[in-house]
**Student:** 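Supplied in structure tokens, the structure appears directly below.
No experiment lies behind these values; they were computed from the predicted model shown.
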Amino acid sequence: MKSREIVTRFQKASASQGDQQDCVEVAVTADGGRAVRDSKDRDGGTQFHASGAWGAFVGAVKAGVFDR
């Protein structure tokens with residue numbers, strides 16, 4: 001991971017609005033990667049993911065790899 005500088009605001013998924021309590025928030029980093037944190041514990045730490053790793057994760061989610 002080249003940069004941990006967060007260059008956008010953290011955002012929750014639109015599907016996580018309202019009564020949903022189990023959410024993460026995602027922001028973009030300076031090198032195009034993503035920063036991820038727990039929306040209920042914003043001071044609990046942030047994970048940083050390189051652009052390629054984030055793209056692979058999103059692709060797997062869209063492909064249903066994690067569906068039960």
Side-chain angles (χ1 to χ4, degrees):
M1 181 99 217
K2 294 180 183 176
S3 174
R4 291 190 171 193
E5 178 186 358
I6 297 168
V7 296
T8 66
R9 297 177 75 170
F10 278 93
Q11 294 186 335
K12 259 197 278 188
S14 58
S16 298
Q17 303 301 321
D19 294 337
Q20 296 292 329
Q21 297 297 317
D22 298 324
C23 308
V24 295
E25 298 174 325
V26 179
V28 177
T29 60
D31 63 355
R34 298 296 185 272
V36 181
R37 68 184 183 189
D38 184 338
S39 63
K40 297 180 307 302
D41 185 14
R42 293 177 174 153
D43 294 327
T46 302
Q47 294 181 352
F48 292 88
H49 303 278
S51 178
W54 185 256
F57 170 71
V58 171
V61 169
K62 289 180 178 180
V65 171
F66 305 109
D67 293 348
R68 292 182 188 197

**Student:** Does D43, at its CG atom, have more than 12 non-hydrogen atoms belonging to other residues, nucleotides or ligands within less than 6.0 Å?
**Tutor:**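 Incorrect, the count does not exceed 12.
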
**Student:** Over all heavy atoms of both residues, which pair between A35 and T46 is shortest? Give the atoms and the distance, please.
**Tutor:** CB-CG2, 3.8 Å

**Student:** Is any side-chain heavy atom of E25 less than 4.5 Å from a side-chain heavy atom of V36?
**Tutor:**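 No; the side chains remain at least 4.5 Å from each other.
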
**Student:** For residues D38 and C23, report the shortest heavy-atom separation together with the two atoms involved.
**Tutor:**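 Here D38 and C23 meet closest at OD1-O, 3.6 Å.
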
**Student:** Apply side chain to side chain donor-acceptor pair (under 3.5 Å) to Q11 and list each qualifying residue two or more places apart in sequence or on a separate chain.
**Tutor:**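 For Q11 there are no side chain to side chain donor-acceptor pair (under 3.5 Å) partners, ignoring immediate neighbours.
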
**Student:** Does V28 belong to the same Ile/Leu/Val/Met/Phe/Trp/Tyr cluster as V24, with side-chain heavy atoms less than 4.5 Å apart forming each link?
**Tutor:** no

**Student:** Are F57 and H49 packed together at the side-chain level, in the sense that at least one heavy-atom pair is separated by less than 4.5 angstrom?
**Tutor:** no

**Student:** So, is the end of the R37 side chain (NZ or CZ) under 6.0 Å from the ring centre of F10 and within 45° of the ring's axis?
**Tutor:**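 Satisfied, under 6.0 Å and within 45°.
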
**Student:** Would you list the pairs meeting salt bridge (charged side-chain N to carboxylate O under 4.0 Å, His left out) in which at least one residue belongs to residues 44-60, sequence neighbours left out?
**Tutor:** none

**Student:** Which heavy atom in T8 sits nearest to a heavy atom in I6, and how many Å separate them?
**Tutor:**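 Looking at all heavy atoms of both residues, the shortest contact is O-CG2, 3.2 Å.
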
**Student:** V26 and side-chain contact (heavy atoms from CB on, under 4.5 Å): which single residue from Q47, K12, R34 fits?
**Tutor:** R34

